[in-house]
Amino acid sequence: MDKKGQKRQGYLSWDEYFMGVAMLSGMRSKDPHSQVGACIVSEDNKILSMGYNGFPKGCSDDEFPWGREGDPLDTKYLYVTHSELNAILNYRGGSLEGAKLYVSLFPCNECAKAIIQAGIRTIVYDCDKYADTPSVIASKKMLDAAGVRYYKYNRTDREITIKV
Ligand SMILES: Nc1nc(=O)n([C@H]2C[C@H](O)[C@@H](COP(=O)(O)O)O2)cc1CO
Ligand SMILES: [Zn+2]
C-alpha cells in the first residue's frame, strides 16, 4: 500500500543492483557457452567499472575461435579476456584500493592475481560452477592468503524486465 509522503517500497537492494548490472554487462558477451559479467563498486557504493568476457581490441569476434575443444590455438581459451580482468583494465580513474567486485562467475587464478594486485578487497559472486578445477582452487588459495573476502550472492529471484 502506498503511503503519502513515504518512500517507495520494493526498490532494488545494493546487491541486486550491482549483480544485476554485472549480469547485464555479461549479456554483451559473444561467448556461445559462458557469458560472464563483472561490476566494480567503490566502498561507498559507486560503480567504477564494468566488463564482460571477450577478445581483446582488434581481435575480431568473427575471426578468432569460440570453440572449447581441440588444438588449443583453435579454442577461445588462449585469446579471451575474462570479465573481471576487463573490468579492472577498463577502469581509468586511478586506484581500485578497497573496491568490491560483483561477478557472475567465480574468478579464476589469473583474475585472482589481478584482483589482489589491484587492491580489490571483496568479491560477490553468483555461480561457482568451476569450483573443483585447479584454477578456482588456486584462486581461493591466493584470495585467502591475501585476505580478500568473497561471498556468494544471495539470489532474491526478483525478475527484472527492461524493454529496450
Ligand atoms: N571467472 C571467469 N570469468 C570469465 O570471464 N570467464 C570466461 C572465459 C570464457 O570466455 C568463458 C568460460 O568458458 P567455458 O569454459 O565455460 O566455455 O568465461 C571464465 C571465468 C571462469 O573462471
Ligand atoms: Zn579469470
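In this chain, residues are counted from 1 in sequence order. Nothing here was measured: the structure is a model prediction, and the numbers come from that model. Just so you know, ligand 1 is whichever comes first in the structure, and atom 1 is the first atom listed for that ligand. Basis for what follows: all heavy atoms, side chains included, without hydrogens, waters or symmetry-related copies.
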To the nearest 0.5 Å, what is the distance between [atom1] ([X]) and [atom2] ([Y])?
{"X": "M23", "Y": "S83", "atom1": "CE", "atom2": "OG", "answer": "11.5 Å"}
{"X": "F106", "Y": "C111", "atom1": "CZ", "atom2": "SG", "answer": "11.0 Å"}
{"X": "L143", "Y": "K113", "atom1": "CG", "atom2": "NZ", "answer": "12.0 Å"}

Give the residue, atom name and distance (to 0.1 Å) of the protein heavy atom nearest [atom].
{"atom": "atom 5 (O) of ligand 1", "result": "S83 N, 2.9 Å"}
{"atom": "atom 15 (O) of ligand 1", "result": "Y77 OH, 2.4 Å"}
{"atom": "atom 17 (O) of ligand 1", "result": "K76 NZ, 2.6 Å"}
{"atom": "atom 20 (C) of ligand 1", "result": "L105 CD2, 3.6 Å"}
{"atom": "atom 12 (C) of ligand 1", "result": "S34 CB, 3.7 Å"}
{"atom": "atom 11 (C) of ligand 1", "result": "D31 OD2, 3.4 Å"}
{"atom": "atom 1 (N) of ligand 1", "result": "E84 OE2, 2.7 Å"}

Under 3.5 Å: donor-acceptor pair, side chain of [X], backbone of [Y]:
{"X": "E63", "Y": "S60", "answer": "no"}
{"X": "N86", "Y": "Y52", "answer": "yes"}
{"X": "K30", "Y": "R28", "answer": "yes"}
{"X": "S49", "Y": "A87", "answer": "yes"}
{"X": "S29", "Y": "V36", "answer": "no"}

Hey, does [X] come in under 3.5 Å of ligand 1, counting only N/O atoms on both sides?
{"X": "N53", "answer": "yes"}
{"X": "V136", "answer": "no"}
{"X": "T81", "answer": "no"}

Please give me the protein atoms (N, O or S only) lying under 2.8 Å from the Zn ion (ligand 2), ordered by chain and number.
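Short answer, with waters excluded from the count: H82 ND1, C108 SG, C111 SG.
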May I ask you to check whether W66 and F55 place their ring centres under 6.0 Å from each other?
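Under 6.0 Å, so yes.
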Which is it for H82 and ligand 1 at heavy atoms under 4.0 Å: side chain, backbone, both or neither?
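For H82, backbone and side-chain atoms both sit under 4.0 Å from ligand 1.
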Is P107 touching ligand 1 with its side chain, its backbone, both, or neither, if touching means heavy atoms under 4.0 Å apart?
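Near ligand 1, P107 shows its backbone, while the atoms from C-beta on stay back.
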State the atoms of ligand 1, each with its element, that fall below the 4.0 Å cut-off from a heavy-atom position in [X].
{"X": "Y130", "answer": "14 (P), 15 (O), 16 (O)"}
{"X": "C108", "answer": "1 (N), 22 (O)"}
{"X": "V80", "answer": "8 (C), 9 (C), 10 (O)"}
{"X": "H33", "answer": "14 (P), 16 (O), 17 (O)"}

Suppose the criterion is side-chain hydrogen bond (donor to acceptor under 3.5 Å, both in side chains): which pairs have a residue in residues 114-130, not counting sequence neighbours?
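Output for this query lists S34-K129, D126-R155, D128-K140.
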Going through the distances and angles, do S135 and N109 end up as a side-chain hydrogen bond (donor to acceptor under 3.5 Å, both in side chains)?
CA-CA 5 Å; S135 164; N109 62 311; 3.0 Å; yes
Any non-hydrogen side-chain atom of Y11 less than 4.5 Å from a side-chain atom of R8?
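Y11 vs R8: side chains touch.
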Does a side-chain heavy-atom distance below 4.5 Å link I40 with M50?
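With C-beta onward as the side chain, the pair stays apart.
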Would you please say whether a donor-acceptor pair under 3.5 Å links the side chains of N45 and Y17?
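No, no side-chain donor-acceptor contact under 3.5 Å.
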